[in-house]
A.B. asks: 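For reference, the structure I am asking about is given below.
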Amino acid sequence: MEIQDIIVSHDNTRNHLDGVSTMIEKGKITTIIGPNGCGKSTLLSVMSRNNRPISGNISLENKDLVHYKPKEFAKKLAIVYQQNDVPKDLTIEKLVSFGRLPHHTMLKRNYEEDAKAIEWALACTNLLEKRDTDLEALSGGERQRVWIAMALAQQSEILCLDEPTTYLDIYYQIELLELVKTLNEEHGLTIVMVLHDINQAIRYSDQIILMKVGQIIAEGAPRDVITREVIKEVYGVEAIFNEDEQLGFYMVPLGI
């Protein structure tokens, strides 16, 4: 996916995205980070066609996003938001089955393919044994996995996650990020996600896009992007960096 000179403005005070250009590489995990209000989620929403820029363009496989039909685009890209309304009296399997809608037409529906895709999505997210459970009975971490399972049932090539670890305790945060890593490494999905935690971004990303005030300040491999100078410039925080056999490269904030 190629993003060129995107400008998004919701009001007359400032641009939420101000001439953003970048490239999302196929088969990699790209994480967008930055301070609150820097444009992370706005960029993701433009990539998923849920927000239209006032100028610039985005292309996927050399085709402008505006030229994709809705169902055609849904087969290419799926998105999961940080908060989702939980329908009452709906089971896990039923919600996941909604991910198959882009593959249906008025005259054609392949029930066998639907069943295989739903089974695969439930297996990937470790929800097979809970498939008949009502959504209201689930923990926050389990609910997030259900929404990811629904996105997987779309069988899209790109999975976008908007702050997927928000509101989750540390156990479910790690569980979800390990799932993301597995989906990328074992199933070849291209992942684009927004995170707040810098060390999680370092650990689970191939590429990092660091934003500030609607612009990209730095992008590339985690070690290249997350430096003492850049963290001070973007976050106003002093930090040091360490290396550990188990943790790898990580950051320790010292103070302002």
Side-chain angles (χ1 to χ4, degrees), residues 1-10 16-17 19-30 32 39-85 87 90 92-122 124-125 144 146-164 180 183-184 187-194 207 209:
M1 178 179 284
E2 186 174 0
I3 300 162
Q4 295 180 319
D5 300 322
I6 293 296
I7 295 177
V8 173
S9 179
H10 300 310
H16 291 258
L17 294 179
V20 169
S21 297
T22 189
M23 177 79 73
I24 303 300
E25 294 191 43
K26 184 176 182 179
K28 293 190 175 183
I29 300 176
T30 299
I32 308 168
K40 302 184 298 293
S41 294
T42 302
L43 177 56
L44 201 67
S45 71
V46 171
M47 291 168 51
S48 58
R49 298 209 314 185
N50 289 310
N51 201 337
R52 295 195 66 174
I54 58 176
S55 66
N57 66 282
I58 302 178
S59 60
L60 176 59
E61 297 177 351
N62 298 316
K63 181 177 179 178
D64 197 301
L65 292 196
V66 299
H67 296 145
Y68 279 93
K69 295 180 180 179
K71 286 189 175 182
E72 180 189 12
F73 185 68
K75 293 176 184 178
K76 296 289 185 181
L77 184 147
I79 185 166
V80 178
Y81 298 98
Q82 61 175 292
Q83 282 187 303
N84 301 280
D85 293 329
L90 203 62
I92 289 174
E93 184 170 12
K94 184 62 176 177
L95 181 63
V96 173
S97 72
F98 292 158
R100 298 302 299 162
L101 292 177
H103 299 268
H104 299 167
T105 67
M106 292 182 64
L107 301 176
K108 182 181 178 182
R109 176 178 176 179
N110 191 316
Y111 290 93
E112 184 177 349
E113 285 187 4
D114 287 350
K116 287 181 179 179
I118 292 167
E119 196 80 3
W120 173 75
L122 291 170
C124 284
T125 50
Q144 193 73 325
V146 176
W147 291 102
I148 290 175
M150 185 178 75
L152 293 179
Q154 284 183 220
Q155 296 187 312
S156 306
E157 300 168 11
I158 303 172
L159 176 62
C160 294
L161 303 168
D162 188 9
E163 300 188 34
V180 167
L183 292 172
N184 172 255
H187 301 287
L189 266 70
T190 299
I191 309 287
V192 185
M193 59 182 174
V194 171
Q207 302 287 323
I209 296 172

A.B. asks: Distance from I92 atom CD1 to M150 atom CE, nearest 0.5 Å?
C.D. replies: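 Rounded to the nearest 0.5 Å, the CD1-CE separation comes to 13.0 Å.
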A.B. asks: Can E25 and Q207 be said to form a side chain to side chain contact (heavy atoms under 4.5 Å, CB included), step by step?
C.D. replies: CA-CA 9 Å; E25 294 191 43; Q207 302 287 323; 4.1 Å; yes
A.B. asks: Could you grab the distance from atom CG of D64 to atom CG of N57, nearest 0.5 Å is fine?
C.D. replies: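 That separation rounds to 5.0 Å.
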A.B. asks: How far does OG1 of T22 sit from CD1 of I209, to the nearest 0.5 angstrom?
C.D. replies: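 The distance works out to 3.5 Å.
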A.B. asks: Roughly how far, to the nearest 0.5 Å, is CG of N51 from OG1 of T42?
C.D. replies: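 The CG atom of N51 is 6.5 Å from OG1 of T42, to the nearest 0.5 Å.
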A.B. asks: Just wondering, more than 12 heavy atoms not from K71 lying within 6.0 Å of its NZ?
C.D. replies: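 For K71, atom NZ is crowded (more than 12 foreign heavy atoms under 6.0 Å).
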A.B. asks: Looking only at heavy atoms, what is the nearest atom pair of N184 and G27, with distance?
C.D. replies: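 Shortest heavy-atom contact: ND2-O, 3.0 Å.
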A.B. asks: So if I apply the side chain to side chain contact (heavy atoms under 4.5 Å, CB included) rule between L159 and each of L183, I79, I29, which one comes out positive?
C.D. replies: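 When side chain to side chain contact (heavy atoms under 4.5 Å, CB included) is applied between L159 and each of L183, I79, I29, only L183 qualifies.
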A.B. asks: Using side-chain heavy atoms (C-beta onward) and a distance below 4.5 Å, is P53 in contact with I7?
C.D. replies: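 Heavy-atom side-chain distance check fails, nothing below 4.5 Å.
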A.B. asks: Could you pull out the closest heavy-atom pair between A149 and T125, with the gap in Å?
C.D. replies: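 Closest approach of A149 to T125, heavy atoms only: CB-OG1, 3.5 Å.
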A.B. asks: Hey, could you give me the CG/SG distance between N50 and C160, rounded to the nearest 0.5 Å?
C.D. replies: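 So the gap between those two atoms works out to 9.5 Å.
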A.B. asks: Using a 4.5 Å cut-off on heavy atoms from C-beta on, say whether the side chain of E113 contacts that of R100.
C.D. replies: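 Answer yes - side chains close enough.
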A.B. asks: Taking all non-hydrogen atoms of both residues into account, name the closest pair between V80 and Q144 and its distance.
C.D. replies: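 So the two residues come closest at CG1-OE1, 4.3 Å.
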A.B. asks: Tell me, please, which residues at least two apart from K26 pass salt bridge (charged side-chain N to carboxylate O under 4.0 Å, His left out).
C.D. replies: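 In terms of salt bridge (charged side-chain N to carboxylate O under 4.0 Å, His left out), with neighbours along the sequence ignored, K26 is linked to no residue.
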A.B. asks: Show your working on side chain to side chain contact (heavy atoms under 4.5 Å, CB included) between K63 and E72 and close with a plain yes or no.
C.D. replies: CA-CA 12 Å; K63 181 177 179 178; E72 180 189 12; 2.9 Å; yes
A.B. asks: Side-chain contact, heavy-atom cut-off 4.5 Å: E61 with E157?
C.D. replies: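 E61 reaches E157 side chain to side chain.
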A.B. asks: Taking 4.0 angstrom as the limit, do E112 and K116 come out as a salt bridge?
C.D. replies: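 Yes, E112 and K116 are salt-bridged.
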A.B. asks: Would a 4.5 Å heavy-atom cut-off, applied to side chains only, mark Y68 and K75 as touching?
C.D. replies: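 Side-chain contact under 4.5 Å: no.
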A.B. asks: Should I3 and V46 count as side-chain neighbours, where that means a heavy-atom distance under 4.5 Å?
C.D. replies: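 No, side chains not in contact.
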A.B. asks: Would you compute the distance between atom CD of Q155 and atom CG of D114 and round it to the nearest 0.5 angstrom?
C.D. replies: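 Atom-to-atom, Q155:CD and D114:CG are 9.0 Å apart.
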A.B. asks: Do we get R49 above F73's six-membered ring, with its NZ or CZ under 6.0 Å from the centre and within 45° of the axis?
C.D. replies: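 Satisfied, under 6.0 Å and within 45°.
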A.B. asks: For a quick test of reading the model, state the closest non-hydrogen atom pair linking M47 to M1 and the distance between them.
C.D. replies: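 Closest approach of M47 to M1, heavy atoms only: CE-SD, 3.7 Å.
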A.B. asks: Quick one: does S48's side chain get under 4.5 Å of L77's, heavy atoms only?
C.D. replies: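 Yes, side chains in contact.
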A.B. asks: With side chains defined as the heavy atoms from C-beta onward, is the minimum distance between L60 and I158 less than 4.5 Å?
C.D. replies: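 The answer is yes, as the side chains (C-beta and beyond) meet within the 4.5 Å cut-off.
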A.B. asks: Residues two or more places apart in sequence or in another chain: which of them pass salt bridge (charged side-chain N to carboxylate O under 4.0 Å, His left out) with D162?
C.D. replies: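 For D162, no residue satisfies salt bridge (charged side-chain N to carboxylate O under 4.0 Å, His left out) once neighbours in sequence are set aside.
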A.B. asks: Determine the minimum heavy-atom distance between S156 and L189, stating which atoms define it.
C.D. replies: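 Reported closest heavy-atom pair: O-CG, 4.3 Å.
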A.B. asks: What are the two closest heavy atoms between Q154 and A74, and how far apart are they?
C.D. replies: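 Closest heavy-atom pair between Q154 and A74: NE2-O, 2.8 Å.
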A.B. asks: Between I118 and E93, is there a side-chain heavy-atom distance shorter than 4.5 Å?
C.D. replies: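 They are in contact (side-chain heavy atoms under 4.5 Å apart), so the answer is yes.
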